[in-house]
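Take a look at the structure set out below.
Heads up: numbering here begins at 1 and tracks the sequence. Counting convention: from 1, in listed order, for ligands and their atoms alike.
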Amino acid sequence: MEYEIKRFQADAAIIGGGVAGLSAALGLKNKRVIVLTKSEFGRGGSTPIAQGGIACAMGKDDTPELHAVDTMIAGDGLSIKGCVDVLTREGPARIRELIEVGAQFDRTPDGELSFGREAAHSRRRILHAHGDSTGAEVQRALTEAVRRAENIQVIENCYVVDIIRRDGRVIGVYGIINGTSTIIEVASPAVVLACGGIGRIYQYTTNPVESVGDALAIAARAGAVLSDVEFVQFHPTALNTTVDPLPLLTEALRGEGAVLLADNKRFMVDLHKDAELAPRDVVARGIWAQQQKGLPVFLDARCVGEKFPEKFPTVYSFCQQAGLDPVKDLLPVSPAAHYHMGGVRVDESGRTTCLGLWACGECCATGVHGANRLASNSLLEGLVFGARVSQDIVEQIDWTKPTVIRDGDYSPVMQRTFAGPDEEADASLLRKTMWDDVGLVRCEASMTHALSVLDELSAKKPKSLMLRNMIDAARIITTAALDRKESRGGHYRSDYPEHDAQTSHHPFVFTGNGPWC
Ligand code: SIN
């Protein structure tokens, strides 16, 4: 294939245009920043569709310490205290900055910020915007701030292929503009991975098309250490329709009193003292167990009443599109892959183990979420650690040395970015295999089967970068899940259903050498 190469020079190249990537970009005030987004800037990725709010200890009866305690409990023994403290302590300042750049959160009639309650939070501390459209408001405010910033250039529709390294350090990235043979090459001493999660490697997910595990695959190919990758959070209540991604029915509905029914009975009351507000993994597996018995599960959110369209406009519109009226109808639900707790291992500054490579947002593992993320902590994590990454880049890079990419530092190898019709069946097989074999309930036999399917798929030498990355991410997650012989948080093994105290404080570090697809 004949490529046209467009060359750029930056002080920092940021892969991803969601809350974490844009927070990092905006923190690099006097630097030349290039943000590479896989789809249209401001629209793709998880941030704009995040319904749940932002947890932040800003209420009068709340403290960062209380928020940290709740986060640690949710993390089920694997959250790293130092990182959790950073999150909860620095969160309020980052929220105030976000408000300064224009984000509008819901307020009480007397103009104070309004704080909602969600499962496993001991205080009312969840900020929302326009009811259930918080992510969209955060994205809007950050996107507009980036558009105003003269030092930031955005290159859209660019699917990053790989990081470029020489002599053990990162010197840039290259990507391909979707549907073209135009290569984008960015020479930069600092590269930030902020390109989201892995939900699309599962058949049922709330995640957008972008979330195919690019960061895991890119980082693994570059030799970076990954951590906690076996911990995938399945949201209990996606609307069970035929659309993909499945529409999310926010947990805030259960916070308002909505209950789960199978065979017309509430089943969560028998499974946990907090019933529908038990930790997400418990509720998700509770629903899964009913489904395994052949019983459809419904969310009864009629308690919200006539205010439903005003309080939950996004959910209301999803229901309408599915021909349902949540004020009157029961809503069919299913668990769906929602969030990846693990990822590229980083320290408190967002530094990976690869010199010159940082990561923030869902694609990284700060250790904040441990084995299970506390609801509404992810937008906050993107804000806090995105800002920390920018500060660390400014301090770490030797700005006197130019960064140059030479011929031979990389060779363009891609034939295509997204999977074409010829590869759709393979992508579907991968997603079904991961759902069946490495999903809410896993065991050695199912995961061994998954690995054999992944081997067959990679033996076919996929043409698309997307499918290649999906195979790599799926293999990484499955290998780590096979290795963790216990159940904890989002990782439940039917052959090892108990916690193993021995492994409780040893996050799995993935340093596999491939083979990468
Ligand atoms: C939800 O609103 O249920 C999702 C929020 C989150 O995942 O943090």
Side-chain angles (χ1 to χ4, degrees), residues 18-20 45-56 67 70-71 74-75 87-88 91 95 105-106 115-121 124-139 196-199 202 204-208 211 231-239 245-260 274 276-284 287 299 301 304 308 311-319 326 331 333-341 361-362 368-370 372-384 489-490:
V19 60
S46 292
T47 300
I49 60 168
Q51 289 178 21
I54 307 188
C56 194
H67 186 186
D70 293 343
T71 302
L87 177 84
T88 62
I95 294 289
F105 292 108
D106 295 343
F115 296 100
R117 179 100 183 248
E118 271 176 10
H121 285 275
R124 297 185 74 84
R125 66 164 71 98
I126 320 298
L127 289 168
H128 288 99
H130 317 297
D132 57 7
S133 314
T134 315
E137 176 60 11
V138 170
Q139 183 76 53
I198 51 89
Y202 286 94
Y204 301 108
T205 180
T206 60
N207 286 190
S211 302
F231 296 107
V232 177
Q233 185 171 77
F234 294 87
H235 197 288
T237 55
L239 187 63
L246 290 179
L248 180 72
L249 301 183
T250 175
E251 183 160 311
L253 290 164
R254 280 173 284 131
E256 292 270 329
V259 294
L260 289 161
D274 296 329
E276 281 82 2
L277 292 179
R280 269 190 192 168
D281 61 300
V282 177
V283 183
I287 295 173
L299 185 72
V304 179
F308 206 113
K311 280 187 150 172
F312 299 102
T314 308
V315 171
Y316 190 74
S317 137
F318 283 148
C319 292
L331 309 174
V333 291
S334 168
H338 182 60
Y339 191 85
H340 195 204
M341 273 73 75
E362 184 173 351
V368 159
H369 307 304
N372 204 4
R373 178 182 61 99
L374 184 63
S376 291
N377 261 353
S378 41
L379 290 172
L380 188 70
E381 192 199 29
L383 285 174
V384 167

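When His235, Gln51, Arg373, Glu251 are checked for heavy-atom proximity to atom 7 (O) of ligand 1, Arg373 turns out nearest.
Ligand 1 has a nitrogen or oxygen under 3.5 angstrom from a nitrogen or oxygen of Thr250. Ligand 1 has a nitrogen or oxygen under 3.5 angstrom from a nitrogen or oxygen of Ser376.
Aromatic rings from Phe308 and Phe312 are positioned such that their centres are separated by under 6.0 Å. Between Phe231 and His369, the ring center distance fails the sub-6.0 Å criterion.
Residue His338 approaches ligand 1 through these ligand atoms, each under 4.0 Å from one of its heavy atoms: 4 (C), 6 (C), 7 (O). The Ala375 neighbourhood of ligand 1 comprises atoms 8 (O), with distances under 4.0 Å to a heavy atom of that residue.
For the pairing with Ser376, the side chain to side chain donor-acceptor pair (under 3.5 Å) check across Gln51, His128, Glu118, Arg125 returns one residue only, Glu118. Checked against Ile54 for a side chain to side chain contact (heavy atoms under 4.5 Å, CB included), the options Val19, Val138, Ile126 give a single hit: Val138.
Note on ring orientation: taking the six-membered ring where Trp is involved, the planes of Tyr202 and Phe234 are perpendicular (angle over 60°, cut-offs 30° and 60°).
The protein heavy atom nearest to atom 5 (C) of ligand 1 is Arg280 NH2, 3.5 Å.
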